[in-house]
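Down below is the structure, laid out as C-alpha cells.
Each chain gets a letter, A, B and so on, in the order its sequence line appears, and its residues count up from 1.
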Amino acid sequence: MDVTARNVLGIKSILGTELLKKHHIEQILDCAFYFKAIRNRKAQFPKSLAGKNAVMLFFEPSTRTRSSFALAAKNLGGNTVVLTKEASSTGKGETLLDTARTIEAMQPDILVLRHPSAGSPHHIDRALGIPVVNAGDGFHEHPTQALLDLMTLREFKGDFAGLRVLIVGDIAHSRVARSDIYALQTMGAKVSVCGPPTLLPPQIEALGVAAYTDLKAAVRDQDVVMVLRIQLERLNPAQNPSGGEYARFYGVSTETLKHCKPDVLIMHPGPVNRGVELSPDVVDGPHSVILNQVGNGVFVRMAIFHLLTGGEALHEGTMV
Amino acid sequence: MSNLLIKNGRVVDPSQELDGTLDVLILDGKVSAIKSGIEAGSHPGVRVVDAAGCIVTPGWVDMHTHLRDPGFSHKETIESGALAAAAGGFTSIACMANTKPVNDNPFVTSYIYQKASNCDVNIYAIGAITKGLEGKQLAEIGSMFEAGIVGISDDGATVQDSYIMRKALDYSKKFDLAVISHAECTCLKGLGVMNEGVNSTRFGLRGNPKAAEEVIVARDILLAELTGARLHIAHVSTAGSVRLLREAKAKGIKVTGEATPHHLILTDDAVGNYDTNTKVAPPLREQVDVDALIEGVKDGTIDALATDHAPHSVTEKEVEYDLAAFGMVGLEIALPFYYRLHHEKGIPLSRIVDAMTAAPAKILGLPKGDLKPGSDGDVSIFDPSAEYAIDKTTFKSKSRNTPFDGYKVRGKVRFTVTGGKVIYNASEEAR
C-alpha cells in the first residue's frame with residue numbers, strides 16, 4: 001500500500017521539519033487555518049477521519065501534546081487509542097519495533113509516536129506502511145510544535161520573509177529548537193539562539209543561526225522571542241549552577257522587554273516555569289501569545305491527520 | 001603437514017622487500033622457496049594454486065577481534081569467528097578479553113586456546129588488564145602469559161584510574177606484553193552515542209567529543225614514557241590522536257597504533273539515517289579525522305590495520321539508536337577498504353601489506369607476518385581488480401551488523417592458506 005500516492009502532500013510521514021519543503025509547510029498551515037476558520041464560525045468540521053483510527057504511542061510523559069492530538073482526531077470524527085510506555089509490552093521485553101508492528105497488525109490508519117531516543121520515529125517509519133507522526137524524539141525534533149509556532153507567527157506577523165526570531169534557553173537538549181530552526185529557515189525567517197555556553201549545542205552556527213550568550217544583546221531587533229522551558233531537574237550541576245542564576249542571566253522579564261522591539265512577540269512551548277525562564281508578568285502580559293500557540297496546536301494536528309490520511313487540500317479559499 | 005605451490009602471483013612481502021611475479025613453495029607447512037619458475041613436477045604430490053592476476057602476501061594478522069566466546073555464542077563463537085577470518089583473508093587473529101567470563105585468568109585463556117586448536121586460523125588470546133575489566137585490580141597477567149596471551153587490554157572498558165594503568169604498564173614489562181588501550185574517558189564520553197559535532201547537533205543525538213579519546217591517548221603516552229613499557233592505542237579515530245602518536249614516536253616513546261576499516265572511510269554523516277549499524281566505539285568521526293588517519297597509515301604513525309570485528313545479533317541492533325550495542329563486524333569486509341588506501345589514496349602497497357602483516361605481528365610478538373624461508377606457510381591471496389557489492393548474507397560470521405551491505409568495492413580474497421593448507425577458496429564458495 002503506497003500511502004503517499006493518495007495524499008496531497010506527497011510524503012508518507014511527518015518525521016521532522018528538516019525534511020519538509022516550503023510547499024509542505026504552506027499546505028499544512030493553509031489547512032490548519034481552514035479548520036480554525038470553521039471553528040471561529042462555529043461551523044462543523046469535515047469528518048475526514050470518520051471510521052479511521054489513530055494510535056498514539058507515548059513513551060514519555062506528555063499532557064498538552066497528547067491531548068492536542070486526541071482532540072484533533074476527535075474533531076475530525078476519528079478514534080484514538082493511547083498507549084503509554086507503562087501500558088505497552090515494552091515493559092515485558094518487547095522491542096519498540098515489535099510494538100509498532102503489533103499495532104500495525106491491528107490496522108490503524110496513522111501512528112503518533114513520542115519517544116526519548118532520537119531517530120525512533122525514523123526507525124519505526126522504515127518498517128511500517130502507515131504514516132508516522134513524530135510527536136517528539138529525544139533532543140531531535142518536535143515538528144508539530146514548530147508548525148503550530150509557525151501558524152501563530154503567520155497569524156500575528158503575516159509573513160516569514162526576513163522575520164527575526166530568537167530562541168532562548170537550553171538549545172542543546174531542545175527538540176523544539178531544532179524543529180523551529182529548520183521550519184523557520186525554510187520559510188525565510190532569520191533565526192538566532194541564546195543560552196549559557198553549556199547549553200548551546202556544538203557548532204550550532206553551522207545550521208545557519210547566530211548564537212548569543214548575552215540575552216540583552218540577543219533580543220535587540222528581534223521580532224519574536226521564543227523562550228524554552230528550562231528543565232532544571234534534567235540538567236546536571238555542570239550544565240547550570242542553579243535556577244536563580246539561570247533566571248538572572250537568561251530569564252525573560254519586563255526588564256528584558258526594555259531591550260526588545262516594542263511589538264515583540266513572546267512565545268513558549270509550555271509548560272512554563274514561572275519565575276525561571278519567564279517572569280509571571282511577561283507570561284500574562286500583552287506580548288505573550290502562549291495560549292494562542294496552544295489553541296493553534298489542535299488545528300495544526302488536525303491538518304496533519306487530515307492530509308496524511310488522504311484528505312484533500314484545504315485552504316480558506318476553498319471554504320463555502 | 002601440507003605442501004603447496006602458489007604460481008604466477010605478484011608476491012609482495014615488505015619484510016624482505018619483495019615485490020614481483022614469483023612462485024611460492026611451501027613444504028611441510030613452512031615456506032621453502034620464493035622464486036620464478038618453480039615446477040610442480042619437481043615436488044611430487046604438491047598441490048598447485050594458480051595466482052595469476054592476484055597479489056600474494058604473507059598471511060594477514062588481525063590484532064583486534066571480538067569472538068564473543070565464552071559467553072555470547074549467539075553473536076559469535078571461536079569457530080564461526082575463525083571461518084569469518086579465513087573468508088576475509090586473515091590467517092591469524094587476536095581476540096579481546098571482554099567475554100563472559102572475562103579472560104582475566106589462565107583458565108579462560110586455556111579454554112580459548114583449546115577451542116582454537118580445532119580451527120584452521122591461528123587464534124591468539126589477549127588477556128584483561130584488570131579483573132572483570134573493572135579497572136580496580138590487576139588481572140593474573142603472568143599466569144595468563146604462561147597460558148599464552150599475546151597482549152593485555154580492557155578493550156571496551158578503558159582503565160580510568162591512572163594509577164592502575166601506570167601499574168599495568170609497569171607490570172607488563174616483565175613479560176614484554178603490549179598494553180592495548182581503548183582510549184575513551186568515561187566522564188567526557190558521558191552518554192554519547194556518536195561523535196560530538198555539527199552532526200550530533202543536527203541529529204539530536206548525544207555527542208562523544210574527540211577529546212574523550214585524546215585525553216586518554218595523551219595520558220597513556222605520558223605513562224608509557226614514565227614506565228618505559230610498550231603501549232598500543234587501539235582503533236585510533238581522531239586527527240588529534242594521530243598527532244599525539246606522531247609526537248610521541250618522534251620522542252622515542254614506545255607506542256604504536258592501529259586504525260579500523262570503518263574509521264578509514266566513514267564519517268558521522270553515516271549516522272544520519274539512524275542505522276544502528278553505524279554505532280561504534282569510538283564513534284565515526286569527521287572527514288578531517290579520516291584524512292589524518294590515512295596520512296597516519298601512510299607515514300607509519302598508524303602501524304597496523306585492525307578490524308575491531310565486533311559481532312552483535314539483530315536483537316542488540318534492531319532497537320533505538322540510544323539503546324543499540326556499539327560495534328560492527330569487520331573480518332569479511334576489511335580487504336577492499338585496506339586495499340583502497342593503495343589504489344585510491346596512493347599509499348604504497350608495501351606499507352599496506354606491512355600494516356596487515358608484519359607490523360601487527362611485531363606488536364603482539366607473533367612469529368608471523370613474513371614469507372621468509374622457514375617461516376610458517378601462512379599466505380593470503382587476493383584479486384586486486386575484482387569489483388563487487390558487499391553482501392552480508394554471505395558472511396560466515398554469526399552476525400551481520402555492518403553499515404557496508406551493498407557497498408560497491410574493489411579487491412576480493414581468493415585464497416587463504418595456513419601452514420600450506422588452503423583453508424578458504426573463493427571459487428569453491430561460489431559453487
With only heavy atoms counted, which part of R175(A) is less than 4.5 Å from chain B, the side chain, the backbone, both or neither?
neither
Tell me the residues of residues 264-284 of chain B whose non-hydrogen atoms fall below 4.5 Å from those of chain A, in number order.
N273(B), Y274(B), D275(B)
Counterpart residues, salt bridge (charged side-chain N to carboxylate O under 4.0 Å, His left out), relative to R340(B) (two or more places apart)
E344(B)
Between the CD1 atom in I124(A) and the CD atom in E320(B), the distance rounded to the nearest 0.5 Å is 7.5 Å
Taking non-hydrogen atoms and a cut-off under 4.5 angstrom, which of residues 177-198 of chain A neighbour chain B?
R178(A), Y182(A)
Minimum-distance pair of heavy atoms, taken over all atoms of T201(B) and P202(A)
OG1-O, 2.6 Å
Rounded to the nearest 0.5 Å, the CD atom of Q203(A) sits from the CD atom of E196(B) at a distance of 8.5 Å
Pairs in or reaching into residues 185-205 of chain A: which pass ring pair (Phe, Tyr, Trp, His ring centres under 6.0 Å), with residues at least two apart or in two chains?
none
Residue E205(A) versus chain B: region with a heavy atom under 4.5 Å:
neither
Most chain A-contacting option - heavy-atom pairs closer than 4.5 Å, from N199(B), D322(B), L205(B)
D322(B)
Less than 4.5 Å to any heavy atom of chain B: does that hold for the side chain of H115(A), its backbone, both, or neither?
side chain
Could you tell me which of S117(A), P201(A), A206(A), P116(A) has the largest number of non-hydrogen atom pairs under 4.5 Å with chain B?
S117(A)
